[in-house]
Every structure is written in C-alpha cells, then in structure tokens.
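Here's the structure we're looking at; comments come further down.
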Amino acid sequence: MSMSGQYLNTITENASRLGMRLQESFSEHTRDLNISRATGSSYLEGDEKVKDIRRQLDSNSDREKLDAMKRLIALISKGRNVSEYFAQVVKNVASHNLEIRKLVYIYLLRYAEHEPDLALLSINTFQKDLTDSNPLIRAMALRVLSGIKVPMVGSLVVLAIKKCAADVSPYVRKNAALAIPKCFALDSSHLPSLIGILTILLNDRSPLSIGSVAVAFEAVCPTRLDLLHQHYRRLCKIIVDVDEWGQVDLANLLLRYARTMLPRPIAKADGEEVGKDIELLLNSVEPLFQSRNPAVVLAVTRIFFYAGPPSHLSKIVSPLLRLLNFSAEVERVVLVYINAIARSAPHLFAPFFARFLVRTDDLRQVKQEKIKLLLTILTADNYSVILRELVVCACFCIVSTLRNLIRCQDYADDPDDSIVSESIQGIGRCARLIPESTQQCLNSLIVMIKCGQDTVISSAVLVLKHLVQTQLFTPSELPGTSQSPIQIIAQLARKIDDIRHAQARACVIWLVGQYAASADKGPGPEGVADWAPDVLRKTAKTFAQETPLVKIQIFTLAAKLFVLSPNDRILALLSQYVFNLARYDVSYDVRDRARMVSSLLAGITPVSLMNGAESERAGVVLRREQVKLVLFEGKSGIAEDDSRHTDHESLIGSLSMVTGKSMQLDGMLPDWLENGVESSLRDVDEPMPLPATVALSSVQQQQQSRTKGVPPIILTPTGGSSPVGSQLKNGASKGLFKDLDKFYEDTESAEEDDGEEDDGEDDDKDDGEEEGEEDDEGEGSEEDDDDIDNEGGDDVDDDERDGNTRRSDGEANNYPVDASSSMVDHTNLS
C-alpha cells in the first residue's frame with residue numbers, strides 16, 4: 001500500500017512538472033507568435049522603447065537582441081543617426097542567431113565608414129566566418145567585409161575574395177565576383193590581383209556565378225576583352241542557364257566582344273557571310289526571346305540588331321510586340337527600341353501599325369512615341385488608315401456632332417497640348433511623305449483653324465505655312481482640290497485676331513506679306529490683295545503688346561506692302577507709323593532691324609514722309625525693283641524643321657535614348673573590325689561532359705533492366721599480382737572453373753599441401769628436443785592432429801560464411817545468385 005502511494009506521488013509530481021513545462025513553452029511560442037504577427041510598422045512608431053535599445057543589445061536573450069536590432073534598422077530607414085550604438089552592435093557580430101547576424105551586418109555596412117576603428121574589431125570575426133561550414137554565412141561575411149569602406153582593409157579583402165573564388169559553393173563564388181568591384185572602388189591599386197581572380201572566376205562552369213563575373217568584368221577591366229578568348233564559346237553555350245539579370249550583363253559583354261574580336265557579317269548578292277562564332281552567339285541567345293524578363297528580351301534584341309545579319313532582324317518583331325502588353329513602363333521603353341529599329345528597317349513593323357494606335361490610358365511619353373512610330377512606318381499602303389486616325393482624332397474637339405461616330409479620340413482631345421501639337425504635326429508630315437495625301441491634309445487643317453482652341457489653331461497654322469509654301473513652290477494639279485493656296489492664306493489672314501500663339505501669328509503675317517501681290521484690281525491699293533492691308537492695320541494697333549518675333553514680321557509686312565504699292569498714301573502713312581514704333585522699341589534686335597529695312601526703302605519713300613535726318617542721309621539708294629528683290633526673292637523654298645521626328649543617334653539600350661538627353665552612364669559600342677582576330681585563339685579543348693545527375697531510383701531501374709537479359713560478368717584472375725589464395729602453389733593460374741566440384745577439389749588439395757608443410761616443420765622442431773620428453777612429444781603430435789582437424793573445420797565455417805556473404809552481395813546488387821557467382825565471390829574472399 002505504501003509502495004502504491006509513493007508511486008502515485010511520483011506520477012503526480014512528474015505530471016505537475018510536465019504541466020509547468022508545457023505552460024512555459026506555450027507562453028514562449030505565443031509571445032513569438034505575437035511578435036511575428038506584429039507588422040513592421042510597429043518598429044517605426046514611438047520612441048519610448050528607444051531608451052531600452054542599449055540594454056537589449058547587452059542582454060543575454062536573443063529575442064531582445066533581435067528586437068533591438070529591428071528597431072535600429074527601422075530608425076535607419078527613417079533617416080535617424082544611430083551610430084551611438086555601434087559598440088554594442090559590434091559585440092553581437094558573432095551571434096549564433098542568423099537573423100541577428102544579418103541585421104548586424106546591415107548596420108555595419110551603414111556605419112563602418114564613420115567608425116573605422118570599431119569596425120576593425122569585427123574583421124577577425126568575418127575572417128573566421130569565411131571558414132564556416134554554412135555557405136550562406138561565408139557569403140554574408142565576404143559581402144560585409146567587402147562593403148566596409150575602410151582603405152586599410154583592402155589587402156584583407158583581396159585575400160578573402162581570392163579564398164572565396166575557389167570555394168566549393170557557387171553561391172559563395174558569386175558573392176566573390178560581386179565583391180571585386182567594391183574592392184576596386186575602395187583601392188584601385190589592387191587591380192592586378194583582382195584581374196587574376198577574375199581570370200580564375202571566368203573558368204567557373206556554374207551558371208549561378210558566371211553572371212556576377214560578367215558584372216565584375218565590366219566594372220574592373222572592361223577593355224581586357226582578350227581575357228575572354230578561351231571562354232567565349234563556353235559563355236555562349238551557358239548563357240541560357242544563367243539567372244535572368246546575369247543574362248543581361250553577359251549578353252552585353254558578349255556583344256562587345258563580338259563587335260571587337262569577330263569578323264563583321266557581310267551581305268552579298270548570293271547570300272550572307274556570317275562567321276561561325278557569330279552564328280554560335282545568335283543561336284545561343286535566340287531561345288532567350290521567350291524569357292519572362294523584358295530586360296533579357298531587349299538585351300537579345302540588341303545583339304540581333306548590332307551583331308546579326310539583316311536576315312535575322314525579322315526574329316525580333318514578335319518578341320518586341322509581345323512586350324507591349326507587359327506594363328506601361330515597359331511599353332514606353334519597348335516603343336523606343338521599336339522606333340530606333342524602324343528608322344533603319346520600317347518594313348518590319350509596317351504590317352503591325354494597328355498595334356501602335358494611341359489609347360486613352362496611355363502615358364504621355366507613350367503617346368508621343370506611338371505618333372512618331374506611326375509616321376516612321378508610314379507607307380503608300382497604310383497611309384490612308386493612319387492619316388484618317390490622325391485627322392479624326394485631331395478634329396474630335398471640333399466636330400462634336402460626330403462624337404458618337406468617332407472611334408479614336410486620343411490625340412487633339414488630350415489634355416496635354418503637346419499631344420495635340422504632335423498629332424497635327426503628324427498630319428503635315430504625312431502630307432510631305434505621301435504627296436497623294438496633300439490635299440486631304442490641307443482640307444483637314446483648314447477645318448482645324450475654325451476651332452476655338454488656341455493650341456489647335458497655332459499648330460494647324462504652323463503646318464499650313466509649310467504646306468502652302470510647298471504648293472506654291474512646286475505647283476501641281478491634285479485631284480479633289482477645293483481651295484488654292486492663295487485662298488488658304490486669305491482665310492488665315494481673316495483669322496489673325498484668333499491666332500494668339502506667337503510663332504503661329506508670325507507665320508501668318510509672313511505668309512500675308514510674302515504672297516500679298518495681286519494683279520487684280522480691287523477696292524484696296526493697287527497691286528496688293530484686298531485682305532493684306534487689313535492685316536497690317538490690325539497688327540499695328542497691337543504692336544506694343546506683341547513679342548519681338550511678331551514685331552519683326554509686322555514692320556517687314558509694312559515694308560513689303562509699301563514696295564508693292566508706293567503711291568498709296570494711306571498705306572505709306574501706316575507703314576511710317578509702324579517704323580516709328582519699331583525705332584523706339586525696347587528690343588535692340590527690333591530697333592536695328594527696323595532701321596535696316598527703313599534704309600532699304602529710302603529710295604522709294606516720298607520726301608514728305610521723310611524726317612530731316614533721313615532726307616539728308618548719304619549713301620547708296622536702291623530702286624524699287626532692287627528692294628523688291630531683297631524682300632521677296634529666295635524665301636519660298638523653306639523646309640520644315642524636322643528635328644522633333646528625328647532623334648539623335650543613340651545606342652539601343654542606352655538611357656539617353658529613353659530620356660532624350662545625353663547621359664554620362666551610357667556606354668559606347670565599339671566598331672567592327674575588318675577581319676576580327678584569329679579564330680584559333682578561341683579554340684580550346686573541351687573537357688568531357690559530366691554525367692547527368694539522376695535519382696537513385698532511376699539508377700536501380702537501369703541496373704535491373706541491364707541484368708534482366710544479360711548474364712552476369714565473372715571476374716577471374718588472369719595473372720599478375722593476385723590476392724592470397726587466388727593462385728595455386730605451383731604458380732599456375734586457376735583459370736576459369738566450369739565445375740563447382742572440381743573447384744572444391746582443387747581447394748582441398750591446396751589445403752592438404754599446407755598441412756603437410758606444417759607437419760614437416762613440427763618434426764624438425766621435435767628432433768632437437770631432449771629424449772626424456774617423448775611422452776610430451778606424443779601428446780604434442782596428437783594436439784597437432786587436432787589442430788589440423790580444427791583447421792579443416794574452420795575452413796568449412798569460412799566456406800559457410802563466404803556463402804552467406806555471397807548471398808547478401810547478390811541480393812544487394814540485384815544479381816541472380818548462382819553457382820558461378822558463388823564461385824567468384826569465394827575466390828576473391830579466399
């Protein structure tokens with residue numbers, strides 16, 4: 001009874017202890033769960049717990065240290081200076097908690113440059129971590145060691161990189177490659193050592209690290225392309241297995257190598273001459289067109305455009321069109337690529353013009369690129385559709401009654417005036433590229449002038465000015481002509497009050513003065529169109545408020561009209577009034593030009609209208625015909641400034657091509673060599689490929705399949721050195737045994753011979769002993785006989801054990817256990 005009570009007390013005590021342990025574990029896990037559920041923003045809110053950071057860092061609890069480090073990183077993200085905790089953080093650099101160590105490394109990277117003395121205290125820890133069994137820790141240690149911007153540790157960093165470059169883990173080797181640019185930026189005097197390490201890393205056959213090696217090569221020695229001779233073909237073959245961003249860097253590196261070291265593809269009448277190394281590069285990167293990373297597709301496009309023959313350019317069309325639906329940002333960059341390619345090969349994208357129509361939700365830059373692209377791929381086959389789209393979209397804000405019938409309303413109705421101007425400029429460009437569409441464009445622009453929007457009117461006037469000049473300079477009868485160029489100018493002259501854009505207003509005034517001459521008699525001055533003097537009257541009223549550009553055109557108009565009709569007193573007075581306003585203008589340019597033009601008119605100006613100083617002026621006086629020649633001739637052949645539609649020559653893939661501005665980070669693409677370098681430099685003995693890694697189950701299945709129909713291979717001694725028992729006593733080899741009984745007979749005879757030799761040795765020893773020990777000798781001989789019998793028994797036991805071993809070997813190897821296999825195993829074991 002007492003034993004049972006004691007046993008019950010023990011059970012009760014153990015149960016209570018277990019309950020307490022479970023409760024503690026539950027509370028611990030619950031606390032961890034609450035911490036993990038808490039959002040990261042909790043570390044950014046409030047400063048009441050900042051005071052405890054120092055105490056938490058000195059604590060023995062990993063949980064408190066982790067909480068303190070998270071708060072420090074949160075404060076760093078807010079821009080707070082937390083360098084005062086550097087000493088406490090450095091002490092945790094050797095923490096066994098990997099998460100704490102990661103945060104400590106982030107902190108050290110941020111403040112090691114400000115506290116170089118304290119940062120050196122952790123160097124030994126990093127060097128120790130370089131020998132850790134975990135490759136993640138080795139890589140992290142190298143990353144932090146190379147990120148500490150303390151020049152005095154440059155030599156240690158080089159040694160660490162060299163050590164990690166030979167690491168068995170490709171992840172560590174990848175970090176070694178990424179550490180090379182950091183070390184070079186820290187101290188460029190280590191360049192020879194870093195180039196040697198790069199040479200070692202170029203031999204790496206792991207796709208995981210080779211992309212980082214390309215990054216390091218571009219940062220440290222971009223001109224040492226001779227180091228790639230032995231590795232070029234292997235890099236071409238391995239690029240499909242490299243990580244996505246590594247493929248981008250490696251593709252750019254291979255492109256530079258190809259342009260520098262390989263012969264240029266030549267297009268001939270009977271075909272194309274392309275080197276085998278260029279073909280290898282193109283064939284190796286072509287599968288990357290299917291990559292899900294747009295940067296990879298664009299990098300491959302760059303290779304095909306700059307290194308491939310013209311026949312390969314058609315392969316880039318479908319991949320680029322696929323990227324248009326990726327995202328708005330990617331679409332903008334892809335359109336820039338397509339624009340650059342279409343300028344040299346517009347036929348590639350002309351059939352797909354419907355993919356480049358403007359949508360309402362497009363970005364402003366995307367709309368501009370699409371308009372440029374539509375005008376670039378404009379042909380005689382698709383111009384009618386593209387022009388209709390431009391016209392209908394530009395006129396949407398005018399023709400409100402057709403709002404429900406208009407399919408595209410994304411150009412002139414756009415809130416951005418630049419898109420409106422681009423669309424109208426596109427109409428004018430379409431008229432110049434396709435002469436058959438000139439009259440249709442003129443009619444559309446005339447309708448736009450009636451619109452009340454200043455941006456539309458100004459853009460239409462600028463385009464009309466050049467189209468009218470073209471019509472008057474090269475007169476030709478076009479089908480469907482509704483208005484002559486002079487009638488268009490007259491219509492513009494009557495709309496001068498509605499045109500408020502300075503450049504457009506100056507264009508209209510210039511057109512009026514340039515084509516104001518008329519042989520028809522009318523109510524106005526003789527030799528001048530009736531609508532021209534009215535333009536001078538209106539602009540003279542607003543002369544003081546006009547811009548200098550418009551003022552110059554106003555007094556030029558006055559001079560032209562006065563030369564055309566010098567006998568009209570009203571026109572002469574109006575011209576004199578304009579010149580007096582210009583003489584005292586605040587702009588030096590306006591004053592000087594006005595004096596020059598008034599001097600030209602000195603020979604035809606009536607004396608009554610001249611001032612005293614002008615009447616006494618000496619010098620050359622031009623006649624009316626000479627002044628008309630100066631003012632009118634040589635002005636009708638002006639071409640449009642087409643700079644907005646022709647971008648500067650930028651490389652595909654450069655940042656300047658996307659931004660439209662020159663960028664310092666843009667690289668230069670080398671020119672082709674005439675014949676390239678010797679192809680033998682790239683010849684290298686390829687090592688035997690490693691066997692493919694297969695699962696263990698596959699190996700077993702292959703072995704079973706091989707052993708089903710094939711007899712087992714019997715290994716027998718063929719002479720030379722053989723294990724003990726594998727040769728007969730006379731030195732002859734046993735040869736192949738076909739009979740199991742014969743095999744055992746030979747074995748027993750060999751054992752009997754061994755026994756006889758042992759008996760002879762025992763007899764010789766017994767003859768040298770004393771004669772009084774004959775009884776003992778007899779007993780000894782009996783013992784020898786027993787030993788011989790025991791040896792025979794041991795042989796039997798050995799045979800049995802050998803049989804068991806043979807059976808187990810046969811089962812393990814999945815081979816059938818038969819007499820022949822037992823014979824071979826027994827021979828080897830004996």
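Position 1 is the first residue of the sequence; numbering continues from there.
- The residues K370 and E331 are annotated as salt-bridged, a charged nitrogen and a carboxylate oxygen being separated by less than 4.0 angstrom.
- Residues I652 and I341 approach most closely at CD1-CG1, 3.8 Å, considering heavy atoms.
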>> For N252 and R256: C-alpha separation, side-chain torsions, deciding distance, then whether side-chain contact (heavy atoms from CB on, under 4.5 Å) applies.
In response: CA-CA 6 Å; N252 294 332; R256 287 204 308 112; 5.9 Å; no
>> Under the criterion side-chain contact (heavy atoms from CB on, under 4.5 Å), I'd like the reasoning laid out for L324 against F356: C-alpha separation, chi angles, the key distance, then a yes or no.
In response: CA-CA 9 Å; L324 291 177; F356 310 124; 3.7 Å; yes
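- Minimum heavy-atom separation, L536 to A558: CD1-CB, 3.8 Å.
- The shortest distance between side-chain heavy atoms of P533 and V528 falls below 4.5 Å.
- No more than 12 heavy atoms of other residues, nucleotides or ligands shown are found within 6.0 angstrom of CD1 on I570.
- Side chain of Y306 to main chain of L651: no donor-acceptor pair is present (N/O by atom type, distance under 3.5 Å, no hydrogens or angles).
- Contacts of T542 classified as side chain to side chain donor-acceptor pair (under 3.5 Å), with partners at least two apart in sequence or in another chain: E546.
- In this structure, K149 has no salt bridge (charged side-chain N to carboxylate O under 4.0 Å, His left out) partners at least two apart in sequence or on a different chain.
- Between T379 and H347 there is no side-chain heavy-atom pair separated by less than 4.5 Å.
- Looking at residues two or more places apart in sequence or on another chain, you find a salt bridge (charged side-chain N to carboxylate O under 4.0 Å, His left out) between R537 and D534.
- The cationic group of R302 does not satisfy the cation-pi geometry with F305, failing either the under 6.0 Å distance to the six-membered ring centre or the 45° limit from the ring axis.
- Side-chain contact between V333 and F326: absent, with no pair of heavy atoms (C-beta onward) separated by less than 4.5 Å.
- For the side-chain contact (heavy atoms from CB on, under 4.5 Å) test with L445, the passing option among L462, V461, L467 is L467; the others fail.
- Put simply, the side chain of L601 reaches to within 4.5 Å of the side chain of F579, judged on heavy atoms.
- In terms of heavy-atom proximity, I434 sits nearest to A380 at CD1-N, 4.2 Å.
- Distance check, rounded to the nearest 0.5 Å: CG of L557 to CG of L511 gives 11.0 Å.
- Residues V317 and F349 meet the side-chain proximity criterion, which asks for heavy atoms closer than 4.5 Å.
- Using a 4.5 Å heavy-atom cutoff, the side chains of D249 and E218 are not in contact.
- No donor-acceptor pair closer than 3.5 Å links the side chain of R583 to the backbone N or O of R595.
- Side-chain contact between R624 and P566: present, with at least one pair of heavy atoms (C-beta onward) separated by less than 4.5 Å.
- Only one option out of I427, I424, V463, L464 pairs with C441 in a side-chain contact (heavy atoms from CB on, under 4.5 Å); it is I427.
- Side chain of R259 to backbone of L669: no donor-acceptor contact under 3.5 angstrom is found.
- Remark: E329 engages no residue in a salt bridge (charged side-chain N to carboxylate O under 4.0 Å, His left out) (not counting sequence neighbours).
- Every residue meeting the side-chain contact (heavy atoms from CB on, under 4.5 Å) condition with A582, not counting sequence neighbours, appears here in chain and number order: F543, F555, V590, A594.
- Legend: residues meeting side-chain contact (heavy atoms from CB on, under 4.5 Å) with A219, ordered by chain and number and at least two apart, are P181.
- For the pair S437 (side chain) and Q440 (backbone), a donor-acceptor distance under 3.5 Å is absent.
- A side-chain donor-acceptor contact under 3.5 Å links N382 to the backbone of I377.
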>> Evaluate L564 against F632 for side-chain contact (heavy atoms from CB on, under 4.5 Å), listing each step before the verdict.
In response: CA-CA 11 Å; L564 293 176; F632 287 93; 4.0 Å; yes
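- Distance alone, capped at 3.5 Å, is enough to place a donor-acceptor pair between the R432 side chain and the G428 backbone.
- Between V563 and K628, the closest heavy-atom pair is CG1-CB, 3.9 Å.
- For the pair F353/L378, no side-chain contact is recorded, criterion being any heavy-atom separation below 4.5 Å from C-beta on.
- Partner D498 forms a side-chain hydrogen bond (donor to acceptor under 3.5 Å, both in side chains) with one of R494, R500, K495 and no other, that one being K495.
- The shortest non-hydrogen separation linking L549 to A502 is CD2-O, 4.5 Å.
- Closest non-hydrogen pair, I552 versus R593, comes out as CD1-CD, 3.5 Å.
- When each of Q514, Q626, K560 is checked for a side-chain contact (heavy atoms from CB on, under 4.5 Å) with L631, only K560 meets the rule.
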>> Assess the residue pair F562 and L574 against the criterion (side-chain contact (heavy atoms from CB on, under 4.5 Å)); give the C-alpha distance rounded to whole Å, side-chain angles, the decisive distance to 0.1 Å, and a yes or no.
In response: CA-CA 9 Å; F562 181 69; L574 187 59; over 6 Å; no
